[in-house]
Amino acid sequence: MESGFFQQVYEIVQKIPVGCVATYGQIARLCGNPRASRAVGYALHVNPLPGKIPCHRVVNRFGGLAPAFAFGGADVQRNLLTAEGVSFSDEYTVALDKHLWDPFG
DNA sequence: CTCTTGACGCACA
DNA sequence: GTGTGCGCCAAGA
């Protein structure tokens with residue numbers, strides 16, 4: 001564990017199960033900094049491990065996809081989530097009510 | 001070295 | 001109910 005805030009974010013994001021999505025605030029909270037949602041977004045922005053960090057499962061508190069998805073674009077992100085069985089409330093808004101990740105189990 | 005920005009979220013006026 | 005600012009962490013100019 002590299003005792004780094006970013007590293008914490010990466011590990012948590014990797015724990016998001018398939019067919020589920022998590023919000024930046026949720027991850028920031030799990031990291032120990034409920035207000036570090038910005039840092040969470042930046043951590044995924046740099047996305048050093050696109051093969052291990054499913055950034056496409058991370059959305060803002062509204063469920064809206066990121067405007068600058070690291071893998072390719074919000075359009076790709078929406079495609080990946082749909083392929084995993086995730087439903088969308090809008091063109092670029094995930095149905096959090098149905099797929100919001102539950103860190104408590 | 002210092003200031004600002006950046007895939008966000010919430011509190012306060 | 002709406003509008004604005006602040007807080008967190010890190011990197012870029």
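Sequence lines set the chain letters: A, B, ... in the order given, protein chains first and strands last, and positions in each chain run from 1.
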### Task
Would you please name every residue forming a side chain to side chain contact (heavy atoms under 4.5 Å, CB included) with A:N60, sequence neighbours left out?
A:Y24, A:F62
Indicate yes or no for a side-chain donor-acceptor contact from [X] to the backbone of [Y] under 3.5 Å, with no hydrogens or angles considered.
X: A:R78; Y: A:E91; result: yes
X: A:Q77; Y: A:H56; result: yes
X: A:H99; Y: A:G19; result: yes

How far apart are the closest heavy atoms of [X] and [Y], and which atoms are they?
X: A:V13; Y: A:P54; result: O-CG, 3.5 Å
X: A:A28; Y: A:A36; result: CB-C, 3.8 Å
X: A:G64; Y: A:V59; result: O-CB, 3.5 Å
X: A:K52; Y: A:Q14; result: O-CG, 3.0 Å
X: A:P34; Y: A:G32; result: CD-O, 3.5 Å

Taking atom [atom1] in both [N] and [M], compute the distance separating them and give it to the nearest angstrom.
N: B:dG6; M: C:dG3; atom1: P; result: 22 Å
N: C:dC6; M: B:dC3; atom1: P; result: 15 Å
N: C:dT2; M: B:dA7; atom1: C1'; result: 25 Å

### Query
5' to 3' on DNA chain C, which nucleotides open and close the contacts with chain A (atom under 4.0 Å from a heavy atom)?
C:dG7 to C:dA11
### Task
Scan A:F6 against the nucleic acid and name what it touches under 4.0 Å (heavy atoms): base, sugar-phosphate only, or nothing.
sugar-phosphate
### Query
Contacts to DNA chain B from residues 12-24 of chain A, heavy-atom cutoff under 4.0 Å, which residues?
A:Y24
#### Entry: Rounded interatomic separation in angstrom, taking CG from A:L80 and P from B:dA7
20 Å
### Query
Just how far, in rounded Å, is P of B:dG9 from CG of A:L96?
10 Å
### Query
With a 4.5 Å heavy-atom cut-off, do A:L100 and A:V94 have their side chains touching?
no
### Query
Can you tell if the side chain of A:P48 reaches within under 4.5 Å of the side chain of A:Y10, non-hydrogen atoms only?
yes
### Query
Who passes salt bridge (Lys or Arg N to Asp or Glu O under 4.0 Å) against A:R29, sequence neighbours left out?
none
### Query
When you look at A:V9 and A:L30, which way does the side-chain contact (heavy atoms from CB on, under 4.5 Å) test go after all the steps?
CA-CA 8 Å; A:V9 175; A:L30 294 171; over 6 Å; no
## Note on the structure
Within residues 35-68 of chain A, those residues having any heavy atom closer than 4.0 Å to DNA chain C are A:R35, A:A36, A:S37, A:R38, A:A39, A:Y42
#### Entry: Any residue of residues 83-93 of chain A with a heavy atom less than 4.0 Å from an atom of DNA chain C
none
